[in-house]
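Numbering of ligands and ligand atoms starts at 1, following listing order.
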Amino acid sequence: MNNIELSELIYPSLPHNADEFEAMYPERNLPEGAKVTRLGPSPTGFIHLGNLYGAFVDERLAHQSGGVFFLRIEDTDDKRYVENAVETIITSLAFFDIRFDEGATLTGDIGSYGDYTQSNRGDIYRAFAKKLIANGMAYPCFLTEDEITSIREEQDSKKLTPGIYAGWSKYREWDRDDELASEIESRIKAGDPFVVRLKSKGTPNLSAEDTPRHSVVDAIRGELSVPDNFQDIVIIKQTGIPTYHFAHVVDDHLMRTTHVVRGEEWLPSLPIHVELFEDLGWELPVYCHTAQLMKIGEDGNKRKLSKRKDPELSLDFYRSEGYHPAAVREYLLTILNSNYEEWRLENPDADADEFEFTTEKMSSSGALFDLDKLNDVSKNTLLHTDAAELAAWLKSWSDEFAPEYAYVFRDMDHLAEIIDLGRHDARPRADLVYARQIMDFISYFFDESFKKEDEYPEEAAADAVEILKAYLAGYDHSDDNEQWFNKIRDIATNLGYAAKPKDYKKNPDDYKGHVGHVSTVIRIAIMGRAQSPDVWAIQQILGESKVRERLEAAIGQ
Ligand code: GLU
């Protein structure tokens with residue numbers, strides 16, 4: 001049996017051979033410099049901020065250069081598969097306005113470089129594995145778990161690098177041993193389980209100085225010096241499914257990916273990928289290994305975001321709390337590119353897409369994620385979002401995640417007015433952060449959620465009913481802001497309160513309190529809380545009858 005016969009024995013009936021598959025994926029017809037990127041999430045049911053962070057890089061690189069960004073579902077790890085996970089990936093990314101040009105969608109593939117789901121590409125991987133076997137660059141390996149464990153123990157005791165490589169799997173040299181060759185032949189025919197391993201060309205266990213190295217371009221980290229691989233890594237598992245390494249190389253070559261954006265946890269596998277690309281005679285893509293997302297932990301030290309400890313790692317968190325996608329996008333850009341914030345200050349109203357994103361300006365050490373900072377960015381983003389648009393977006397959020405707030409959306413014009421409150425002042429108010437917080441912030445506008453949250457200030461509590469009665473008696477909805485405030489000042493002075501806080505501070509014994517205490521009583525009667533935007537403006541939005549109704553209710557309590 002020679003190599004070609006072995007490859008035929010293992011894969012007797014594939015629909016196409018490697019060359020035919022290769023011909024089905026011609027070079028893309030794109031302008032010079034156009035980048036082709038892909039997002040390759042695994043359907044584990046958990047889509048996280050790191051996916052989104054990478055997706056932004058992919059999306060910007062492709063769309064800034066007139067290239068293509070596609071979605072590939074990487075479901076080769078059958079143990080991790082979770083029902084509906086693909087839908088979750090697609091809908092979560094769509095929520096953040098990640099636009100793919102090609103790839104898997106909820107209604108099937110778009111594009112001519114598919115299939116875009118790895119589990120449907122089995123024959124393609126097998127065809128390339130077959131080619132490697134036929135060229136003597138890969139071999140079937142029948143080592144059992146137990147055998148591998150004892151190999152590892154022996155390697156440990158000899159202080160050798162663990163793994164299967166030259167000298168450790170007898171199946172590697174099957175062609176030098178006729179007996180072994182016929183054993184392999186009969187075991188394949190009998191259907192015994194085996195994996196296909198790369199027959200690495202690297203020399204094992206060389207000293208650091210003697211290890212050959214390859215120069216690889218990483219657009220974030222600069223030129224990397226990657227050591228030669230010598231591990232006979234598995235390319236096709238017992239199940240016939242490829243490993244990540246093999247699927248990555250075959251797919252990114254065939255799909256003509258120019259830039260592979262992925263997490264830095266893949267850096268240690270780079271030697272393997274370099275060898276696979278070389279063995280298959282393909283050009284390496286430009287790698288972009290993104291930094292881990294870190295946060296400042298409870299102890300003040302930087303640590304990786306963790307699925308268990310940090311709900312904010314899950315994209316679902318942002319959707320269900322109702323972070324506006326533009327805010328999350330804006331925030332991610334600030335951590336993606338160090339010069340983004342400066343650009344934003346100079347271009348406050350520009351579309352974020354006008355910023356020229358570059359991988360060189362990305363951090364190669366941990367990117368620091370900070371929820372407070374996101375909230376700040378969000379306040380500013382929402383301030384620049386049109387009120388009617390924001391109202392419509394809040395409604396779509398509520399429809400999906402918080403139907404209990406349906407009453408907020410009965411009158412969309414009214415809601416837009418509420419949202420706009422204080423946003424056009426000389427110093428605009430930026431109180432709105434995310435949907436759930438907004439629902440709470442505006443809750444006093446609706447009878448369904450209005451409640452007295454704060455107590456009347458101590459200084460004026462005893463006079464509360466009298467203050468409210470006087471205020472109601474003099475209430476004229478058509479008063480302007482100044483007339484309105486003058487009336488409150490009159491009530492205050494008539495009842496023994498200072499007209500100005502500073503007068504009270506100077507001579508506290510001369511007064512019961514000051515005008516602020518009086519107006520807080522009114523504020524609490526109408527809004528239920530001691531802090532709120534301008535009372536007069538709120539009254540204008542609430543309408544005269546609602547204001548009177550709230551005052552009467554508070555007097556009656
Ligand atoms: N499926 C891989 C993951 O979820 C993607 C890595 C890559 O983009 O190459 O980690």
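Screening residues 211-243 for ring pair (Phe, Tyr, Trp, His ring centres under 6.0 Å) gives Tyr165-Phe230 as the qualifying pairs, with residues at least two apart or on separate chains.
For the pair Arg262 and ligand 1, the shortest N or O to N or O distance does not fall below 3.5 Å. Between Glu265 and ligand 1, not a single N/O pair is under 3.5 Å apart. Residue Gly40 places at least one N or O, backbone or side chain, under 3.5 Å from an N or O of ligand 1.
At most 12 heavy atoms of other shown residues, nucleotides or ligands fall within 6.0 angstrom of atom CG in Asn29.
Which parts of ligand 1 touch Glu74 is read off a 4.0 Å heavy-atom cut-off, strictly below it: atoms 1 (N), 2 (C), 5 (C).
Here the rule is side chain to side chain donor-acceptor pair (under 3.5 Å) with Arg329, and of Asp353, Thr381, Asp97 only Asp353 fits it.
In this structure a side-chain-to-backbone donor-acceptor pair under 3.5 Å is present from Asn337 to Thr358.
A donor-acceptor contact closer than 3.5 angstrom links the side chains of Tyr125 and Asp251.
Proximity of Arg38 to ligand 1, defined as any heavy-atom pair under 4.0 Å, is confined to the side chain (atoms from C-beta onward).
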